[in-house]
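See below for the structure under consideration.
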Amino acid sequence: MARYIFVSGGVMSGIGKGIATASIGRILKSKGYKVTAIKIDPYINVDAGTMNPVEHGEVFVTDDGTECDQDVGNYERFLDENIYDKNYMTTGRVYQNVINRERNLEYNGRCVEVVPDIPNEVITRIKAAGKKVEADFVLIEIGGTVGEYQNMLFLEAARMMKLSHPKDVLFILVSYFPVPKMIGEMKTKPTQYAVRTLNSAGIQPEIILARSVLPLDEPRKRKISMFCNIAKEDIISAPDVKSVYEVPINFENENMGNRILKKFGIKPRESDLKEWRKLVKLIKNSPKIVNIGVVGKYFETGSFTLMDSYISVIEAIKHAAFSENKKAKISWISSGEFEKNPASLKELKKYDGIIVPGGFGNRGIEGKIKAIQYCRENKIPFLGLCLGLQLSVIEFARNKAGIKDATSREFNSHSKNLVIDVMQDQKKLLEDKHYGGTMRLGAYDCQVQPGTISWKAYKAWVPNETGPYIISERHRHRYEVNNDYRKLLEEKGLVIAGTNPKKNLVEIIEVKNHPFFVATQFHPEFKSRPLKPHPLFKEFIKTAINCQKKH
Ligand code: GLN
């Protein structure tokens, strides 16, 4: 039987609950346990796919094609385990399933009620996710903050689970301790209120993680212990860190893993975080920088600009740089600037490599195409991801194949030369306005062609292959390279380095006589892990470093 650890948040959101959950998972895994993690998002949306990145940050995609919260990406990166559709839950999904079952007469004619039927559905899903991978520990992160109306039914599910399996369920509260500038002292009252609110839902936190700019000191530990009814040693300090990868090490320095085991009545166990410690040491010491520019469309909310929608790209760049003993300095380049002022394109020369990541819609497109042209012509290492591939093909068609009005149906459906067109099976879905969860999603095969840069890079995954071989990568798109133009583009020097063997879709393109110009229809960033950098990112960073040496 699995054991369940619920992680909820106090005081405010954005304090690193996801990283805390992922780090606890890593620690338990390092003690030899099979661990999985579940994310609960309390909103009505059935998944994250239909949400604006300003609202929600990155949409992460699993192998089995779920569009979910970016925390699932953190779990995969920290645990080095695949997370599945079953591990993601929203209020919308839970209700949808209950309503579908009611329609199928699965409740045998009885009245279906919010309580207990909704929490019961939540519990069924939690157990199923643990069972799927035969987990020893299932971590369940409840999104939002304690006291919100939205996540009450999930807390209720947690309470009910504790009631039926008192020895197998643990509650952790990740709470925030502000240090207001004008007071200069860390305040505990907001957390006291958070605990009281949790208590009123019938839950007593058994471990409190104290997130703050500073470590928690003795007097405050005493206060929290006293007012929140918790032993002092169960209050764990979690001050800000420079790199999120330090968090498991910091937690383990506080003996977090064995404290958790003790709560479950399990004997202490050694943890093996050797490789992870090495990584953290490297992150802290690596002095040399590789400069990567990400040309994107950035999202402004009031006075703030969000980069969160590219978190997996950021992490994949970092992983690759670490593996080359470098630190990546990532700069955000707004493509709109190139549209207003094309002279600013030469700024791109300052970078060792440029990435054009995924995206949707018209804004900033022409600027990105200009940046891609600049990278191609000036031999700046370039990696295009999803939309980045589509724009690379458009750029190539316009400037190398003389198709001046080349574009994608996504931007201008009236153009005569749609070198990027909607996929056949997507047409009807769009006409019927079936937008949610209907893109080409999740893992698909790609056959990689010998002699290409990609073939060389992916050999890291299949070291013994000598001919073409198959890899699998995750997708999230509706449009694709129009095969009618393939021959012409190839004649003009575009390299089709990877294709989907079943549907003959273009998956990877390259250009010749360039140190590194590779673009993928899929999102390699979703499969990068801190100790296992993604081969394409690694090769890209390696080339960027070599080019840096040259100039
Ligand atoms: N908007 C493009 C499409 O739907 C690219 C999507 C992406 O970059 N994820 O095909």
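All residue numbers in this chain count up from 1 along the given sequence. One-based numbering, in listed order, for ligands and for the atoms of each.
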* Determine whether the side chain, the backbone, both or neither of Gln390 has a heavy atom under 4.0 Å from any heavy atom of ligand 1. =>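 Side chain only.
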* Arg476 contact mode with ligand 1 (heavy-atom cut-off under 4.0 Å) ->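 Backbone only; the side chain of Arg476 stays clear of ligand 1.
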* For the pair Phe78 and Trp276, name the ring-plane relationship: parallel under 30°, tilted 30 to 60°, perpendicular over 60°. =>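 The arrangement is tilted - the two ring planes meet at 30° to 60°.
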* Would you call the rings of Trp332 and Tyr310 parallel, tilted or perpendicular if under 30° counts as parallel and over 60° as perpendicular? -> parallel
* About how many Å separate CG of Asn291 and CD1 of Ile289, when rounded to the nearest 0.5 Å? ->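 It comes to 7.0 Å.
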* NZ of Lys329 to OH of Tyr351: how many Å apart, nearest 0.5 Å? -> 7.0 Å
Among all protein non-hydrogen atoms, which one is nearest to [atom], and what is the separation to 0.1 Å?
| atom | answer |
| --- | --- |
| atom 7 (C) of ligand 1 | Cys386 SG, 3.0 Å |
| atom 4 (O) of ligand 1 | Arg478 N, 3.1 Å |
| atom 8 (O) of ligand 1 | Gly359 N, 2.9 Å |
| atom 2 (C) of ligand 1 | Glu410 OE1, 3.2 Å |

* To do: Enumerate the atoms of ligand 1 whose separation from the nearest heavy atom of His523 is less than 4.0 angstrom.
  => 9 (N)
* **Ligand-side contact atoms (ligand 1) for residue partner Gly358, heavy atom cut-off under 4.0 Å** => 8 (O)
* To do: Report the residue from Thr90, Thr21, Asp69 that forms a side-chain hydrogen bond (donor to acceptor under 3.5 Å, both in side chains) with Lys39.
  =>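 Among the candidates, only Asp69 passes.
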* Asked: Pick from Arg476, His477, Glu473: which one makes a side chain to side chain contact (heavy atoms under 4.5 Å, CB included) with His523?
  -> Arg476
* With only distance considered, is Leu387 within less than 3.5 Å of ligand 1 through an N or O on each side? -> yes
* Glu339 versus Ile365, closest heavy-atom pair with distance ->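 Taking Glu339 first and Ile365 second, the nearest heavy atoms are OE2-N, 3.6 Å.
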